2 protein chains.
Amino acid sequence: MAVVEEGGDMATLRTAEVAEQAGVNVETLRFYERKGILPEPPRRASGYREYPPETVERVRFIKRAQELGFSLREVQDLLELRQTARAKAGRVRKVAEAKLEEIEHKIRDLEAMKLSLTELLCACDGQKPIASCPIIETLSGCERCQQKEAAEQQGGGR
Amino acid sequence: MAVVEEGGDMATLRTAEVAEQAGVNVETLRFYERKGILPEPPRRASGYREYPPETVERVRFIKRAQELGFSLREVQDLLELRQTARAKAGRVRKVAEAKLEEIEHKIRDLEAMKLSLTELLCACDGQKPIASCPIIETLSGCERCQQKEAAEQQGGGR
DNA sequence: CTTGACTCTGTACCATAGTACGGAGTGAAT
DNA sequence: ATTCACTCCGTACTATGGTACAGAGTCAAG
């Protein structure tokens, strides 16, 4: 057990604490720092890092965004969106809009998978044969078609 | 222009055709085959692969599922779900249900990201300062709440 | 029957995202 | 003062998901 966590106000965290709370290991934090996805935290005189507590949230976000299919580079973009938000709003806006569309596309496709899987579950509940595979058709077809569908749904062109 | 695509009935496809239609390259098909994620197709006498046309759909599905954050191993599981569907329904059902939950979780998190991003866009539209970052809070917080199943994390560490 | 695009196999290489390790310094408790 | 977990840094290694040849065979057209 760490002998730390004292210090009263919990103002800053050390690497092992951030790592544990965020569910990654210490090396990963350094890795992210090297990659520029985590800002370099202030150091003590000794060189020890002193992370601000919100680092934990940031790292958790990074992990989760990766599980949602974003690369570290993309996660970095997402994180930066907010920092630069009001400055040069025009350029940022474009990026944000693109990301938003990407996210909506992911949601649509996951909904399709969900539907197929639900049907699968129902079907195998009722013991009747599954006609053909809905999950594949829905999703694999969608890369081309769904963009059209989306355009129709939204009513606006791209 | 390939000299192929004749043959009248389009019964089978060759590697380059599958690759082109699925938007991957030829080596990738072999790679998937080695990994067992694409079944070995029948061969001609010469050794040439003759893919059934639905291979294209399968490959597109694979690509998209990866973009949604599933590893090849997971994609394989998803694909196999349907093959084994009615046989040993009990075991399969469990897997399917787990996948379904995972997918729903992804959707929820993407919805959260979408919301935050939408707010960001609204905020920077209205030119007012963005209070704090909603996108990070929403997503990084949820890992615990929603995924209460930090089962492998036996307490006591803190 | 030659040509050129396409295919085969195997092996080597690449980028991304970490993980592990060695050797040395730090720091709070005993 | 010693101990021992924790920290530092750099480097090397791993796994995943491909990509890129090299060298040889195939096949349809000219």
Side-chain angles (χ1 to χ4, degrees), chain A residues 1-8 12-38 40-51 55 58-77 79, chain B residues 1-8 12-38 40-51 55 58-77 79 157-158:
Chain A
M1 263 124 279
V3 206
V4 200
E5 345 227 327
E6 309 307 320
T12 64
L13 302 170
R14 291 184 340 208
T15 54
E17 295 173 309
V18 172
E20 200 224 334
Q21 289 177 40
V24 300
N25 75 37
V26 173
E27 335 280 300
T28 304
L29 294 178
R30 291 210 312 122
F31 174 73
Y32 287 167
E33 192 177 315
R34 280 203 303 284
K35 286 295 212 173
I37 196 162
L38 273 189
E40 295 190 25
R43 307 287 188 110
R44 291 189 191 186
S46 63
Y48 280 30
R49 287 169 181 83
E50 294 196 299
Y51 288 103
T55 306
R58 195 178 171 101
V59 174
R60 286 215 276 246
F61 173 82
I62 294 167
K63 296 309 290 177
R64 187 57 184 156
Q66 280 188 291
E67 286 164 20
L68 296 171
F70 296 97
S71 69
L72 280 186
R73 184 73 193 95
E74 290 172 316
V75 175
Q76 195 169 4
D77 291 347
L79 285 165
Chain B
M1 181 119 169
V3 206
V4 199
E5 349 227 322
E6 309 308 320
T12 65
L13 300 171
R14 291 183 341 206
T15 54
E17 294 173 308
V18 172
E20 200 225 333
Q21 288 177 40
V24 301
N25 75 37
V26 174
E27 335 281 300
T28 304
L29 295 179
R30 292 211 311 123
F31 174 73
Y32 287 167
E33 193 177 315
R34 280 203 303 284
K35 287 294 212 174
I37 196 162
L38 272 189
E40 295 190 26
R43 306 287 187 111
R44 290 190 192 185
S46 62
Y48 280 31
R49 288 169 182 83
E50 294 197 298
Y51 288 103
T55 306
R58 196 178 171 100
V59 175
R60 286 215 275 247
F61 174 81
I62 295 165
K63 295 311 290 178
R64 187 57 184 158
Q66 280 188 290
E67 286 164 19
L68 294 172
F70 296 97
S71 68
L72 280 187
R73 184 75 193 93
E74 291 172 316
V75 175
Q76 195 169 3
D77 292 346
L79 286 165
R158 40 196 4 259

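Excluded from the calculations below are hydrogen atoms, water molecules and symmetry mates; all remaining heavy atoms, backbone and side chain alike, are included. Naming convention: chains lettered A, B, ... in sequence-line order (proteins, then strands); numbering from 1 in each chain. On a predicted model such as this, the values are computed, not experimentally measured, just so you know.
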Q) Between D:dT16 atom P and B:F31 atom CZ, what is the distance in whole Å? A) 10 Å
Q. Could you give the NZ-to-C1' distance, from A:K63 to C:dG18, as a whole number of Å?
A. 8 Å
(Q) Does B:R34 contact D:dG18 through a side-chain donor or acceptor facing the base, at a distance under 3.5 Å? (A) no
Q: Tell me what B:R30 touches on the nucleic acid: a base, only sugar-phosphate, or nothing, going by heavy atoms under 4.0 Å.
A: base
Q: Take atom CG of A:L13 and atom P of D:dC6, then tell me their distance rounded to the nearest Å.
A: 15 Å
Q.
Is the shortest side-chain heavy-atom distance between A:R49 and A:E33 below 4.5 Å?
A. yes
Q.
Would you say that A:V18 contacts A:T15 through its side chain, given a criterion of any heavy-atom pair below 4.5 Å between the two side chains?
A. no
Q | Rounded distance (Å) that lies between atom P of C:dT26 and atom CZ of A:R49 | A | 15 Å
Q.
Output the rounded distance in Å from CZ (A:R44) to P (C:dG25).
A. 18 Å
Q) Hey, does the side-chain of B:Y48 have a donor or acceptor N/O within less than 3.5 Å of a partner on the base of C:dC8? A) no
Q) Between C:dT9, D:dC9, C:dG18, which nucleotide gets closest to the side-chain atoms of A:L72? A) C:dG18
Q: Between C:dT19, D:dC6, D:dA20, spot the one nearest the side chain of B:N25, thanks.
A: D:dA20
Q) Between the main-chain N or O of B:S71 and the side-chain N or O of B:E74, is there a donor-acceptor pair closer than 3.5 Å? A) yes
Q: Search all heavy atoms of A:I37 against all heavy atoms of A:L72 and return the closest pair with its distance.
A: CD1-O, 3.5 Å
Q) When the nearest nucleotide of DNA chain C is assigned to A:A45 and to A:T28 on a heavy-atom basis, which residue is associated with the more 5' position? A) A:T28
Q.
From CD of B:E50 over to C1' of C:dC6, roughly how many Å is that when rounded to an integer?
A. 14 Å
Q.
Tell me if the side-chain of A:E27 makes a donor-acceptor pair with the base of C:dC21, cut-off 3.5 Å, by modelled atom types.
A. yes
Q.
Salt bridge check, B:E67 against B:R64: does any charged N sit closer than 4.0 Å to a carboxylate O?
A. yes
Q. Closest to the A:T15 side chain: C:dG27, D:dT7, C:dC8?
A. D:dT7
Q) To the nearest Å, how far apart are A:E74 CD and C:dT16 C1'? A) 12 Å
Q) Rounded to whole angstrom units, what separation is found between the CD atom of B:Q66 and the C1' atom of D:dT16? A) 10 Å
Q: Output the single nucleotide from D:dC6, D:dG17, C:dG27 whose closest atom is nearest the side chain of A:R14.
A: D:dC6
(Q) I'd like to know if B:Y32 reaches the base of D:dG18 with its side chain, counting only an N/O donor and acceptor under 3.5 Å. (A) no
Q. Among C:dA17, C:dC8, D:dT26, which is the nearest nucleotide to the side chain of B:S46?
A. D:dT26
